[in-house]
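Notes follow once the structure below has been shown.
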Amino acid sequence: MGPGPITAYPSVLSAMSASLVGQFDPYMTDLMRETQELYRAVWSTTNDATLLVDGTARAGIEAALISLIRPGDVVLVPVFGRFGHLLAEIAGRAFAEVHTIEVPWGTVVPFSLIEQAARRLRPTLIAVVDGDTSTTMRQPLDELGAYCRREGILLYTDATASLGGNQFDADAWNVDAATAGLQKCLGGPSGSAPLTLSDRAADLVRGRTRIEAGIRESTDASAPDFIRSNYFDLGMLLEYWGPRRLNHHTEATSMLYAARECARVNLSEGRDAVIRRHRLHGEAMLAGLIGLGLRVFGEPQHKLNNVVAVHIPKDVSGDAVRAALLDDFGIEIGTSFGPLHGRVWRIGTMGFNARREAVMTTLIALEDVLRRLGASVPRGGGSDAADDVYADDEGADS
């Protein structure tokens, strides 16, 4: 019940146990095409350049940034948590001229500040985290995307924490590149990174592609400013996932099975229904934690549906509470990073755990542990408050 990784959907684990097949087996290539089509629906896009990067969510981030950024490009990164700093770090390693806008953790970056900086700096690309689990905050993107499209600026967003459990409309929001991971709202294991590129982003990438020697054909162009990573060269990966089936690397077959099943579960339940489920159980968890007398961190109006941070009470040890929850109840919750380390707990309700049973069990267990460790909390305060949220939802449905 932390900020991720989380408990995977049982059907995802089952899918991963299927027999392995070779990467050029007709079944494999059909499965890759099917998975691409499923993720177009998950991303809410018609982008042809929609694929998986074999690796954790960070592999997707690095593939996107290293492929889109030319050395010397001006890149603007709004930072409102740990993972904005990560985007700036990776952009710097791609030899970009990186500029950041930083705001206090627990807030988001106002569009007006981003617009002012962009007018001054004229960036080639703006890289922003959609939802940063380190703070549990979510950055609004729709106005930013429209601005970037008008001004000819590429917009990249890291949707690792948000995709599947929060509204994300790649096309409607004019997002040029987005990446995610399976291990949060999509309900799978870490190890595969869904990625989508707009046509203009894909054209830029293809213009920087250099097919490696040994598989290069005489008609293949070799760009002078070629992408400096081999494994994360999205140009070659587009050829690998496209009709050419370029022999770039050996597909991580079991992870492909997992990623496909994550998307199938999402779309079978209904994309909007899954988002609503995450919102409902996130609201119940939020209400329950407040009902226990805990103080919520950050601006509630910008909170992710799927994870909430609360200040650790001064009269208990945060690590002792986490250890007791894990040892006595088999429940894991997280702390945070940097200035929030040891100051907050982060509690997630995502994927398979975005359900009433998981929320209620966690709140009851947390109350028990807090009492045993000396905290004064209202008896039944958490579960009663969560019950009220569920009752209100049932009343609204009726």
Side-chain angles (χ1 to χ4, degrees), residues 1-4 6-10 131 133 136-138 161-162 164-167 184-185 187 265 269-270 272-313 315-316 318 321-322 324-335 344-398:
M1 299 295 290
I6 46 75
T7 304
Y9 289 114
T133 51
T136 74
M137 296 294 104
R138 189 162 190 232
S162 54
N166 302 263
Q167 197 71 31
K184 297 185 188 284
C185 299
V265 168
E269 183 177 342
D272 291 341
V274 176
I275 293 169
R276 181 184 179 279
R277 173 163 62 85
H278 280 79
R279 184 184 302 116
L280 170 63
H281 297 296
E283 288 174 353
M285 180 64 80
L286 173 64
L289 294 169
I290 293 172
L292 286 173
L294 300 176
R295 186 163 56 94
V296 176
F297 172 79
E299 300 174 335
Q301 70 271 28
H302 294 301
K303 191 186 80 65
L304 284 156
N305 288 339
N306 50 294
V307 61
V308 58
V310 291
H311 293 271
I312 298 171
D315 51 357
V316 297
V321 170
R322 293 176 61 222
L325 278 172
L326 190 59
D327 292 343
D328 298 343
F329 295 96
I331 296 173
E332 179 187 60
I333 65 172
T335 179
V344 300
W345 291 314
R346 294 179 299 153
I347 302 176
T349 47
M350 61 187 92
F352 182 64
N353 285 339
R355 53 195 171 96
R356 185 170 185 162
E357 174 191 348
V359 171
M360 299 300 286
T361 300
T362 301
L363 290 170
I364 292 167
L366 181 58
E367 178 185 337
D368 177 84
V369 170
L370 287 171
R371 284 183 173 281
R372 282 193 282 127
L373 294 181
S376 177
V377 295
R379 189 173 298 277
S383 53
D384 287 350
D387 263 335
D388 288 343
V389 172
Y390 291 127
D392 288 344
D393 180 70
E394 290 166 3
D397 287 343
S398 63

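One is the number of the first residue; the rest follow in order along the sequence. We use all heavy atoms of the structure for the numbers below, so side chains are in, but hydrogens, waters and symmetry mates are not.
- Listed by chain and residue number, Arg277 satisfy the salt bridge (Lys or Arg N to Asp or Glu O under 4.0 Å) test with Glu269 (two or more places apart in sequence, or in another chain).
- Atom CD of Gln301 has more than 12 neighbouring heavy atoms from other residues, nucleotides or ligands inside a 6.0 Å radius.
- Listed by chain and residue number, Asp319 satisfy the salt bridge (Lys or Arg N to Asp or Glu O under 4.0 Å) test with Arg322 (two or more places apart in sequence, or in another chain).
- How far CG of Leu325 is from CG of Leu370: 7.5 Å, rounded to the nearest 0.5 Å.
- Considering only residues two or more places apart in sequence or on other chains, Arg356 meets the salt bridge (Lys or Arg N to Asp or Glu O under 4.0 Å) condition with Asp387, Glu394.
- Residues Thr133 and Lys184 have side chains in contact (heavy-atom distance under 4.5 Å, counting atoms from C-beta outward).
- When every heavy atom of Asp315 is checked against every heavy atom of Ser376, the shortest pair comes out as OD2-N, 4.1 Å.
- Using a 4.5 Å cut-off on side-chain heavy atoms (C-beta onward), Val308 and Thr349 make no contact.
- When all heavy atoms are compared, the tightest approach of Ser162 to Gly131 is OG-N, 4.3 Å.
- Annotation: ring-ring contact (aromatic ring centres under 6.0 Å, His included) contacts of His281 (sequence neighbours excluded): Tyr390.
- Sorted by first and then second residue, the pairs that involve residues 364-377 and meet salt bridge (Lys or Arg N to Asp or Glu O under 4.0 Å), not counting sequence neighbours, are Asp328-Arg372, Glu367-Arg371, Asp368-Arg372.
- Residue pairs meeting the salt bridge (Lys or Arg N to Asp or Glu O under 4.0 Å) criterion with at least one partner in residues 287-303, sequence neighbours excluded, are absent.
- Formation of a donor-acceptor pair under 3.5 Å by the His278 side chain with backbone atoms of Gly351 is found in this model.
- For Thr335 (side chain) and Val344 (main-chain N/O), a donor-acceptor pair under 3.5 Å exists by modelled atom type.
- In plain terms, the two heavy atoms of Met350 and Gly4 that are nearest each other are CE-N, 4.3 Å.
- Phe352 and Thr7 make their closest contact through CB-O, 3.5 Å (heavy atoms, listed as atom of the first residue, atom of the second, distance).
- Here CG of Asp388 is found 10.0 Å from OG of Ser383. Values are rounded to the nearest 0.5 Å.
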Problem set entry | Steps toward side chain to side chain contact (heavy atoms under 4.5 Å, CB included) verdict (Leu363, Met285) | CA-CA 8 Å; Leu363 290 170; Met285 180 64 80; 3.8 Å; yes
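- Within the 4.5 Å cutoff, no side-chain heavy atoms of Val296 are placed close to those of Leu289.
- Checked by atom type and distance alone, the side chain of Asn306 pairs as donor or acceptor with a backbone atom of Ala161 at under 3.5 Å.
- Under a 3.5 Å cut-off, the side chain of Asn166 and the backbone N or O of Asn305 do form a donor-acceptor pair.
- Closest heavy-atom contact between Gly291 and Pro378: O-CG, 3.4 Å.
- Under the 4.5 Å side-chain criterion, counting only non-hydrogen atoms from C-beta, Arg276 is in contact with Asp393.
- Proximity of Leu294 to Leu366: side-chain heavy atoms (C-beta onward) are separated by under 4.5 Å at one or more points.
- Of all heavy-atom pairs spanning Ala287 and Val389, the tightest one is CB-CG2, 3.6 Å.
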